[in-house]
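Residue numbering restarts at 1 for every chain, and letters A, B, ... go by the order of the sequence lines. Only this structure's heavy atoms are used, side chains among them; waters, hydrogens and symmetry mates stay out.
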There are 2 protein chains.
Amino acid sequence: MSEPDTPSSLAGETLLAVKPSKWTLVIVTSLRENTLRFNELRRGIGGISQKILASTLRELERDGFVRRTVFATIPPRVEYQLTALGRDLLRIAEACEQFVREHRADVEAAREQFDAQASSAPHSQI
Amino acid sequence: MSEPDTPSSLAGETLLAVKPSKWTLVIVTSLRENTLRFNELRRGIGGISQKILASTLRELERDGFVRRTVFATIPPRVEYQLTALGRDLLRIAEACEQFVREHRADVEAAREQFDAQASSAPHSQI
DNA sequence: CAGCATCCAACCGGATACTG
DNA sequence: CAGTATCCGGTTGGATGCTG
(Lines give C-alpha, C1' and ligand atoms only; values in the text may rest on other atoms or scores of the structure.)
Protein backbone atom coordinates (compact mmCIF):
# COMPACT_ATOMS: atom_id res chain seq x y z
CA MET A 1 0.00 0.00 0.00
CA SER A 2 1.15 3.48 -0.80
CA GLU A 3 1.15 5.66 2.26
CA PRO A 4 1.50 9.40 2.50
CA ASP A 5 5.24 9.49 2.18
CA THR A 6 6.11 12.02 4.78
CA PRO A 7 9.83 12.07 5.34
CA SER A 8 9.28 11.05 8.92
CA SER A 9 7.16 8.00 8.42
CA LEU A 10 9.40 6.77 5.68
CA ALA A 11 12.81 7.28 7.13
CA GLY A 12 11.54 6.55 10.60
CA GLU A 13 10.70 3.04 9.65
CA THR A 14 13.48 3.10 7.14
CA LEU A 15 16.06 0.44 7.44
CA LEU A 16 13.59 -1.97 8.90
CA ALA A 17 16.32 -4.24 10.10
CA VAL A 18 19.10 -1.79 9.52
CA LYS A 19 18.16 0.82 12.04
CA PRO A 20 18.02 -1.13 15.28
CA SER A 21 21.47 -2.63 15.47
CA LYS A 22 24.80 -1.24 14.56
CA TRP A 23 25.84 -4.79 13.73
CA THR A 24 23.22 -5.54 11.13
CA LEU A 25 25.11 -4.17 8.18
CA VAL A 26 28.33 -5.69 9.41
CA ILE A 27 26.79 -9.14 9.45
CA VAL A 28 25.21 -8.73 6.06
CA THR A 29 28.54 -7.60 4.69
CA SER A 30 30.29 -10.57 6.24
CA LEU A 31 27.92 -12.90 4.44
CA ARG A 32 28.58 -11.16 1.16
CA GLU A 33 30.57 -13.97 -0.39
CA ASN A 34 29.82 -17.22 1.29
CA THR A 35 27.78 -19.10 3.77
CA LEU A 36 29.27 -18.91 7.24
CA ARG A 37 28.81 -20.76 10.50
CA PHE A 38 28.03 -19.01 13.74
CA ASN A 39 31.54 -18.89 15.11
CA GLU A 40 33.04 -18.14 11.76
CA LEU A 41 30.87 -15.05 11.68
CA ARG A 42 31.81 -14.23 15.24
CA ARG A 43 35.53 -14.49 14.61
CA GLY A 44 35.29 -12.71 11.28
CA ILE A 45 33.52 -9.75 12.79
CA GLY A 46 35.44 -9.52 16.02
CA GLY A 47 34.23 -7.50 18.95
CA ILE A 48 30.68 -8.75 18.86
CA SER A 49 29.26 -10.74 21.73
CA GLN A 50 27.50 -13.97 20.90
CA LYS A 51 24.36 -12.69 22.48
CA ILE A 52 24.18 -9.80 20.08
CA LEU A 53 25.28 -11.90 17.15
CA ALA A 54 22.60 -14.46 17.89
CA SER A 55 19.83 -11.93 18.37
CA THR A 56 20.80 -9.90 15.32
CA LEU A 57 20.94 -13.03 13.20
CA ARG A 58 17.50 -13.94 14.49
CA GLU A 59 16.15 -10.63 13.43
CA LEU A 60 17.78 -10.86 10.02
CA GLU A 61 16.31 -14.31 9.63
CA ARG A 62 12.90 -13.13 10.70
CA ASP A 63 12.99 -10.26 8.24
CA GLY A 64 13.90 -12.61 5.42
CA PHE A 65 17.42 -11.33 4.83
CA VAL A 66 19.25 -14.40 6.05
CA ARG A 67 18.52 -18.10 5.81
CA ARG A 68 19.51 -20.28 8.73
CA THR A 69 20.23 -23.92 8.06
CA VAL A 70 20.62 -26.40 10.89
CA PHE A 71 22.48 -29.67 10.46
CA ALA A 72 21.50 -32.13 13.14
CA THR A 73 24.99 -33.49 13.54
CA ILE A 74 27.22 -33.79 16.55
CA PRO A 75 28.60 -31.32 17.12
CA PRO A 76 25.82 -29.19 15.69
CA ARG A 77 26.42 -27.15 12.59
CA VAL A 78 24.43 -24.06 11.69
CA GLU A 79 25.00 -22.13 8.52
CA TYR A 80 23.92 -18.63 7.62
CA GLN A 81 23.59 -17.25 4.14
CA LEU A 82 22.01 -14.26 2.48
CA THR A 83 18.68 -14.65 0.75
CA ALA A 84 17.87 -12.79 -2.44
CA LEU A 85 16.36 -10.07 -0.28
CA GLY A 86 19.52 -10.08 1.81
CA ARG A 87 21.63 -9.51 -1.26
CA ASP A 88 19.51 -6.47 -2.00
CA LEU A 89 20.19 -5.21 1.47
CA LEU A 90 23.85 -5.88 0.86
CA ARG A 91 23.78 -3.29 -1.89
CA ILE A 92 22.75 -0.71 0.68
CA ALA A 93 25.46 -1.83 3.04
CA GLU A 94 28.05 -1.56 0.33
CA ALA A 95 26.84 1.89 -0.61
CA CYS A 96 27.31 2.91 3.01
CA GLU A 97 30.78 1.47 3.14
CA GLN A 98 31.76 3.17 -0.04
CA PHE A 99 30.43 6.43 1.32
CA VAL A 100 32.64 6.07 4.36
CA ARG A 101 35.64 5.12 2.30
CA GLU A 102 35.17 8.20 0.17
CA HIS A 103 34.27 10.71 2.83
CA ARG A 104 35.85 9.59 6.04
CA ALA A 105 38.61 12.12 5.66
CA ASP A 106 36.14 14.92 4.98
CA VAL A 107 34.17 14.11 8.06
CA GLU A 108 37.22 13.90 10.25
CA ALA A 109 38.43 17.23 8.93
CA ALA A 110 35.04 18.79 9.55
CA ARG A 111 35.07 17.49 13.09
CA GLU A 112 38.47 18.89 13.84
CA GLN A 113 37.52 22.28 12.50
CA PHE A 114 34.26 22.29 14.41
CA ASP A 115 35.90 21.29 17.65
CA ALA A 116 38.60 23.90 17.18
CA GLN A 117 36.29 26.85 16.72
CA ALA A 118 33.82 25.51 19.22
CA SER A 119 36.43 25.84 21.95
CA SER A 120 37.42 29.34 20.89
CA ALA A 121 33.90 30.64 20.25
CA PRO A 122 31.35 28.73 22.30
CA HIS A 123 28.47 30.55 20.64
CA SER A 124 27.18 32.36 17.61
CA GLN A 125 28.99 34.54 15.17
CA ILE A 126 26.76 36.37 12.66
CA MET B 1 43.64 -2.08 19.83
CA SER B 2 44.01 -0.59 16.38
CA GLU B 3 42.44 -2.59 13.60
CA PRO B 4 43.02 -2.60 9.86
CA ASP B 5 40.22 -2.23 7.38
CA THR B 6 38.48 -5.48 7.98
CA PRO B 7 34.88 -5.53 6.80
CA SER B 8 33.94 -5.29 10.43
CA SER B 9 35.92 -2.21 11.33
CA LEU B 10 34.72 -0.53 8.17
CA ALA B 11 31.07 -1.20 8.54
CA GLY B 12 31.41 -0.79 12.28
CA GLU B 13 32.43 2.78 11.84
CA THR B 14 30.30 2.91 8.78
CA LEU B 15 27.66 5.53 8.74
CA LEU B 16 29.73 7.81 10.87
CA ALA B 17 26.79 10.02 11.57
CA VAL B 18 24.21 7.61 10.28
CA LYS B 19 24.63 4.85 12.77
CA PRO B 20 24.15 6.56 16.11
CA SER B 21 20.73 8.12 15.79
CA LYS B 22 17.61 6.89 14.17
CA TRP B 23 16.78 10.51 13.39
CA THR B 24 19.85 11.35 11.40
CA LEU B 25 18.56 10.20 8.05
CA VAL B 26 15.17 11.69 8.73
CA ILE B 27 16.68 15.08 9.28
CA VAL B 28 18.88 14.87 6.23
CA THR B 29 15.88 13.87 4.18
CA SER B 30 13.87 16.76 5.55
CA LEU B 31 16.54 19.15 4.37
CA ARG B 32 16.54 17.62 0.92
CA GLU B 33 14.87 20.54 -0.79
CA ASN B 34 15.30 23.67 1.18
CA THR B 35 16.81 25.37 4.12
CA LEU B 36 14.70 25.00 7.23
CA ARG B 37 14.54 26.65 10.62
CA PHE B 38 14.65 24.70 13.85
CA ASN B 39 10.95 24.56 14.51
CA GLU B 40 10.13 24.03 10.88
CA LEU B 41 12.26 20.92 11.04
CA ARG B 42 10.64 19.90 14.29
CA ARG B 43 7.12 20.25 12.96
CA GLY B 44 7.98 18.68 9.64
CA ILE B 45 9.42 15.60 11.27
CA GLY B 46 6.92 15.24 14.04
CA GLY B 47 7.53 13.01 17.03
CA ILE B 48 11.05 14.23 17.71
CA SER B 49 11.90 16.01 20.92
CA GLN B 50 13.77 19.26 20.65
CA LYS B 51 16.54 17.82 22.74
CA ILE B 52 17.20 15.08 20.25
CA LEU B 53 16.70 17.36 17.29
CA ALA B 54 19.19 19.85 18.68
CA SER B 55 21.79 17.25 19.53
CA THR B 56 21.43 15.42 16.23
CA LEU B 57 21.72 18.68 14.32
CA ARG B 58 24.83 19.45 16.31
CA GLU B 59 26.35 16.19 15.30
CA LEU B 60 25.42 16.67 11.68
CA GLU B 61 26.93 20.11 11.78
CA ARG B 62 30.07 18.83 13.42
CA ASP B 63 30.46 16.11 10.82
CA GLY B 64 30.11 18.63 8.02
CA PHE B 65 26.78 17.43 6.69
CA VAL B 66 24.75 20.45 7.71
CA ARG B 67 25.51 24.14 7.83
CA ARG B 68 24.00 26.17 10.63
CA THR B 69 23.42 29.86 10.07
CA VAL B 70 22.51 32.17 12.90
CA PHE B 71 20.81 35.51 12.34
CA ALA B 72 21.27 37.78 15.31
CA THR B 73 17.76 39.16 15.14
CA ILE B 74 15.01 39.28 17.69
CA PRO B 75 13.53 36.81 17.83
CA PRO B 76 16.51 34.74 16.79
CA ARG B 77 16.51 32.90 13.50
CA VAL B 78 18.60 29.83 12.80
CA GLU B 79 18.64 28.10 9.49
CA TYR B 80 19.85 24.64 8.60
CA GLN B 81 20.85 23.46 5.17
CA LEU B 82 22.73 20.55 3.68
CA THR B 83 26.32 21.01 2.65
CA ALA B 84 27.74 19.32 -0.44
CA LEU B 85 28.78 16.45 1.81
CA GLY B 86 25.30 16.38 3.24
CA ARG B 87 23.83 16.03 -0.21
CA ASP B 88 26.04 13.02 -0.72
CA LEU B 89 24.69 11.56 2.48
CA LEU B 90 21.23 12.31 1.22
CA ARG B 91 21.85 9.90 -1.62
CA ILE B 92 22.39 7.15 0.91
CA ALA B 93 19.26 8.13 2.78
CA GLU B 94 17.25 8.06 -0.41
CA ALA B 95 18.66 4.67 -1.32
CA CYS B 96 17.49 3.41 2.06
CA GLU B 97 14.05 4.85 1.60
CA GLN B 98 13.72 3.37 -1.82
CA PHE B 99 14.78 0.02 -0.43
CA VAL B 100 12.02 0.19 2.13
CA ARG B 101 9.48 1.28 -0.43
CA GLU B 102 10.38 -1.67 -2.61
CA HIS B 103 10.76 -4.34 0.01
CA ARG B 104 8.57 -3.43 2.91
CA ALA B 105 5.96 -5.92 1.85
CA ASP B 106 8.53 -8.69 1.49
CA VAL B 107 9.87 -8.09 4.94
CA GLU B 108 6.44 -8.02 6.49
CA ALA B 109 5.54 -11.25 4.77
CA ALA B 110 8.76 -12.85 5.94
CA ARG B 111 8.03 -11.78 9.49
CA GLU B 112 4.57 -13.21 9.49
CA GLN B 113 5.79 -16.49 8.15
CA PHE B 114 8.62 -16.62 10.65
CA ASP B 115 6.38 -15.84 13.57
CA ALA B 116 3.85 -18.40 12.44
CA GLN B 117 6.22 -21.32 12.25
CA ALA B 118 8.14 -20.13 15.25
CA SER B 119 5.07 -20.62 17.40
CA SER B 120 4.36 -24.06 15.96
CA ALA B 121 7.95 -25.27 15.92
CA PRO B 122 10.04 -23.47 18.51
CA HIS B 123 13.25 -25.09 17.27
CA SER B 124 15.08 -26.86 14.48
CA GLN B 125 13.70 -29.05 11.78
CA ILE B 126 15.27 -31.45 9.23
C1' DC C 1 29.51 -25.96 18.41
C1' DA C 2 25.67 -23.00 18.82
C1' DG C 3 23.23 -20.91 21.46
C1' DC C 4 19.93 -19.24 25.73
C1' DA C 5 19.53 -17.09 30.54
C1' DT C 6 20.87 -13.84 33.81
C1' DC C 7 22.85 -9.83 35.71
C1' DC C 8 24.23 -5.31 35.05
C1' DA C 9 26.33 -0.95 33.12
C1' DA C 10 25.90 2.49 29.61
C1' DC C 11 23.42 5.01 26.64
C1' DC C 12 19.40 6.71 24.12
C1' DG C 13 15.78 9.39 24.04
C1' DG C 14 11.25 11.51 26.01
C1' DA C 15 9.01 15.06 29.21
C1' DT C 16 9.44 19.09 31.56
C1' DA C 17 11.26 23.45 32.99
C1' DC C 18 13.97 27.33 32.20
C1' DT C 19 17.10 31.01 29.44
C1' DG C 20 19.10 34.55 25.81
C1' DC D 1 12.37 31.44 18.53
C1' DA D 2 16.01 28.40 19.54
C1' DG D 3 17.81 26.24 22.31
C1' DT D 4 20.18 24.22 27.28
C1' DA D 5 19.55 21.67 31.79
C1' DT D 6 17.69 18.09 34.48
C1' DC D 7 15.43 13.97 35.61
C1' DC D 8 14.47 9.42 34.59
C1' DG D 9 12.61 5.15 32.36
C1' DG D 10 13.37 1.87 28.61
C1' DT D 11 16.56 -0.35 25.64
C1' DT D 12 21.09 -1.88 24.03
C1' DG D 13 24.65 -4.52 24.59
C1' DG D 14 28.71 -6.67 27.20
C1' DA D 15 30.32 -10.50 30.53
C1' DT D 16 29.53 -14.74 32.46
C1' DG D 17 27.71 -19.30 33.16
C1' DC D 18 25.08 -23.16 31.58
C1' DT D 19 22.82 -26.51 28.07
C1' DG D 20 21.73 -29.89 24.02
Check the interface with nucleotides 17-20 of chain C: list each N/O to N/O pair with the protein under 3.5 Å, or write none.
from   : atom 1 : to      : atom 2 : distance (Å)
C:dA17 : N6     : B:Gln50 : NE2    : 3.2

**Asked** What is the distance, rounded to the nearest whole Å, between atom CZ of A:Arg43 and atom C1' of C:dA2?
**Response** 12 Å
**Donor-acceptor under 3.5 Å (A:Thr83 side chain, A:Phe65 main chain)** = yes
**Request:** Could you check how far CG of A:Leu53 sits from P of C:dC1, rounded to whole Å?
**Result:** 14 Å
**Request:** Would you give the length of the straight line joining atom CZ of A:Phe38 to atom CG of A:Leu57, rounded to the nearest 0.5 angstrom?
**Result:** 6.5 Å
**Nearest-neighbour nucleotide for the A:Ile52 side chain, C:dA2, C:dG14, D:dG14 considered** = D:dG14
**Asked** OG1 of B:Thr35 to CD of B:Glu40: how many Å apart, nearest 0.5 Å?
**Response** 9.5 Å
**Prompt:** Please give, in whole Å, the distance from C:dA15 C1' to B:Ile48 CD1?
**Reply:** 14 Å
**Message:** Among C:dG14, C:dG3, D:dG13, which nucleotide has an atom closest to any side-chain atom of B:Lys51?
**Reply:** C:dG14
**Asked** What is the distance from CG of A:Leu36 to C1' of C:dA2, rounded to the nearest Å?
**Response** 15 Å
**Prompt:** Would one find a side-chain N or O of A:Arg58 under 4.0 angstrom from OP1 or OP2 of C:dC4?
**Reply:** yes
**Prompt:** Is any side-chain nitrogen or oxygen of A:Tyr80 closer than 4.0 Å to OP1 or OP2 of C:dC1?
**Reply:** no
**Message:** Closer than 3.5 angstrom, by distance alone: can the side chain of B:Thr56 be matched with the main-chain N or O of B:Thr24 as a donor-acceptor pair?
**Reply:** no
**Request:** Please determine if a side-chain N or O atom of A:Arg68 lies less than 4.0 Å away from the OP1 or OP2 oxygen of C:dG3.
**Result:** yes
**Asked** OP1, OP2 of D:dA2 versus side-chain N and O of B:Arg37: anything below 4.0 Å?
**Response** yes
**Fill in**
B:Phe38 CZ to D:dT4 C1', in whole Å, measures 10 Å
**Message:** Using modelled atom types and a 3.5 Å cut-off, is there a donor and acceptor pairing between side-chain atoms of B:Arg62 and backbone atoms of A:Ala110?
**Reply:** no
**Message:** Applying side-chain contact (heavy atoms from CB on, under 4.5 Å) to B:Ile48 and B:Ile45, what does each step give before you reach the verdict?
**Reply:** CA-CA 7 Å; B:Ile48 189 176; B:Ile45 291 173; 3.9 Å; yes
**Request:** Measure from CZ on A:Arg77 to P on C:dA2 and round the result to the nearest Å.
**Result:** 8 Å
**Request:** Rounded to the nearest angstrom, tell me the gap between atom CZ in A:Arg42 and atom P in C:dC4.
**Result:** 13 Å
**Request:** Starting at atom CZ of B:Phe71, determine the distance to atom P of D:dG3, rounded to an integer number of angstrom.
**Result:** 12 Å
**Prompt:** Bend angle of the helix from C:dC1-D:dG20 to C:dG20-D:dC1 from five-pair axes at both ends, rounded to 10°?
**Reply:** 50°
**Request:** Would you mind telling me which residue lines up with the more 5' stretch of DNA chain C, A:Pro75 or A:Ala54, judged by nearest nucleotide?
**Result:** A:Pro75
**Message:** Nearest 0.5 Å, please: how far is CD in A:Glu61 from CZ in B:Phe114?
**Reply:** 4.5 Å
**Fill in**
Taken to the nearest 0.5 Å, the spacing of B:Glu102 CD from B:Glu97 CD works out to 12.5 Å
**Request:** Kindly compute the distance separating CH2 (B:Trp23) from OG (B:Ser55), expressed to the nearest 0.5 Å.
**Result:** 11.5 Å
**Fill in**
Applied to residues 70-94 of chain A, the salt bridge (Lys or Arg N to Asp or Glu O under 4.0 Å) test, sequence neighbours excluded, yields A:Arg32-A:Glu94, A:Arg77-A:Glu79, A:Asp88-A:Arg91
**Request:** Would you indicate which nucleotide in D:dA2, C:dA2, C:dG14 comes nearest to any side-chain atom of B:Asn39?
**Result:** D:dA2
